[in-house]
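Below is one structure, written out as structure tokens, with a few remarks after it.
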Amino acid sequence: MRIGIIGAGNIGGNIARRLALAGHEVTISFARDQAKLAALAAETGATVGDPSRAATAEVVVLSVPWGVIDQALAAAGPLAGKVVVDTTNQFGPGGAIDLGHTAARHNADRLPGARYTKCFNTLTAGFQPVDLGGIDQCAVMEAPRRPGAVYGEEYRAADAAAVVAAVRAGRPIPPTPRY
Ligand SMILES: NC(=O)c1ccc[n+]([C@@H]2O[C@H](COP(=O)([O-])OP(=O)(O)OC[C@H]3O[C@@H](n4cnc5c(N)ncnc54)[C@H](OP(=O)(O)O)[C@@H]3O)[C@@H](O)[C@H]2O)c1
């Protein structure tokens with residue numbers, strides 16, 4: 001699938017990495033420092049383009065700081081009909097901004113006609129997926145939390161791998177990690 005990323009920093013950059021690894025055709029765009037985009041492209045096999053090129057993809061990921069969303073969308077051009085995955089959060093210099101409605105509603109209204117969805121915004125940068133084996137083996141990731149599920153807990157990769165190993169071996173899962 002063709003994926004266009006507008007804002008390839010912590011979150012957009014990691015989405016680009018993962019989707020490129022999965023074999024998707026990824027275009028990364030929108031940076032003050034074009035050298036960083038070029039380095040990410042060299043690392044991942046993604047193509048560097050401008051936001052209007054990213055906007056020609058089937059799926060467009062919007063992952064820029066809140067204050068530059070209008071600038072990014074203006075550079076992208078119309079996104080009607082596109083699946084738009086919005087990772088953004090409404091933070092300004094004074095912290096979270098009270099919009100009077102959800103940030104998702106706010107951004108969906110800036111994207112007329114787009115097939116808008118908001119994802120990844122509650123994950124921290126550097127997240128890694130773990131494969132639990134399928135929909136009948138994934139009780140460990142579902143509510144309620146504990147004793148046999150880690151729903152809502154935060155994990156570093158090695159600790160997550162230990163949980164997966166325990167699940168696969170049929171052992172009790174390790175205790176909640178403390179960082
Ligand atoms: N970090 C997190 O843990 C996290 C988690 C979930 C969601 N989010 C949200 O996802 C969005 C992206 O977060 P992020 O942490 O990935 O941000 P980030 O690392 O700062 O990435 C932002 C990207 O936008 C580019 N950009 C282009 N013009 C810019 C401008 N005028 N000012 C600032 N950046 C500009 C940056 O490139 P240049 O620096 O080269 O300009 C960078 O590649 C934000 O809305 C954030 O709230 C963040």
Side-chain angles (χ1 to χ4, degrees), residues 1-91 103-104 107-108 110-111 113-135 137-138 140-141 150 153-165 167-168:
M1 183 177 278
R2 290 186 304 120
I3 317 276
I5 311 263
I6 301 173
N10 292 312
I11 296 296
N14 275 326
I15 293 171
R17 282 186 182 90
R18 294 293 166 195
L19 294 179
L21 265 178
H24 296 289
E25 194 183 314
V26 178
T27 299
I28 52 177
S29 71
F30 195 63
R32 292 162 298 181
D33 182 352
Q34 292 297 314
K36 273 198 282 185
L37 277 189
L40 181 62
E43 176 197 334
T44 60
T47 303
V48 176
D50 58 24
S52 63
R53 175 161 176 192
T56 65
E58 296 155 273
V59 175
V60 177
V61 177
L62 176 66
S63 193
V64 301
W66 186 260
V68 297
I69 291 175
D70 279 336
Q71 185 190 331
L73 293 180
L79 290 166
K82 303 289 175 165
V83 174
V84 177
V85 177
D86 175 19
T87 81
T88 68
N89 288 306
Q90 72 281 26
F91 291 116
N107 285 349
R110 299 200 243 204
L111 290 157
R115 296 166 65 193
Y116 173 92
T117 182
K118 180 162 180 167
C119 306
F120 300 117
N121 69 298
T122 59
L123 294 180
T124 50
F127 55 85
Q128 292 186 31
V130 294
D131 182 355
L132 291 170
I135 56 175
Q137 286 83 40
C138 68
V140 69
M141 69 180 281
V150 300
E153 296 181 354
E154 254 186 45
Y155 279 82
R156 292 182 182 154
D159 295 319
V163 170
V164 174
V167 169
R168 289 199 178 137

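Basis for what follows: all heavy atoms, side chains included, without hydrogens, waters or symmetry-related copies.
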Report yes if the side chains of [X] and [Y] come closer than 4.5 Å at any heavy-atom pair, otherwise no.
| X | Y | value |
| --- | --- | --- |
| Val48 | Thr27 | no |
| Asp159 | Val163 | no |
| Val26 | Ile5 | yes |
| Glu25 | Ile3 | no |
| Val59 | Val85 | yes |
| Leu62 | Thr87 | no |
| Val68 | Phe30 | yes |
| Leu73 | Leu79 | yes |

Q. Between Asn89 and Phe91, is there a donor-acceptor pair closer than 3.5 Å when you use the side chain of the first and the backbone of the second?
A. no
Q) So does Arg115 have more than 12 non-hydrogen atoms from other groups sitting under 6.0 Å from CZ? A) no
**Q.** Nearest-0.5 Å distance that lies between atom CZ in Arg168 and atom CG in Asp131
**A.** 6.0 Å
Q: Could you tell me whether the side chains of Thr88 and Asn107 share a donor-acceptor contact shorter than 3.5 Å?
A: yes
Q.
Using a strict threshold of under 4.0 Å (side-chain N to carboxylate O), is an ion pair present between Lys82 and Glu58?
A. no
**Q.** Option among Met1, Arg18, Arg2 that satisfies the side-chain contact (heavy atoms from CB on, under 4.5 Å) test with His24
**A.** Met1
Over all atoms of both residues, closest heavy-atom pair of [X] and [Y]:
| X | Y | result |
| --- | --- | --- |
| Ala114 | Val84 | CB-CG2, 3.8 Å |
| Ser63 | Gly12 | OG-N, 3.2 Å |
| Val60 | Ala54 | CG2-O, 3.7 Å |
| Ala160 | Tyr155 | N-CD2, 3.7 Å |

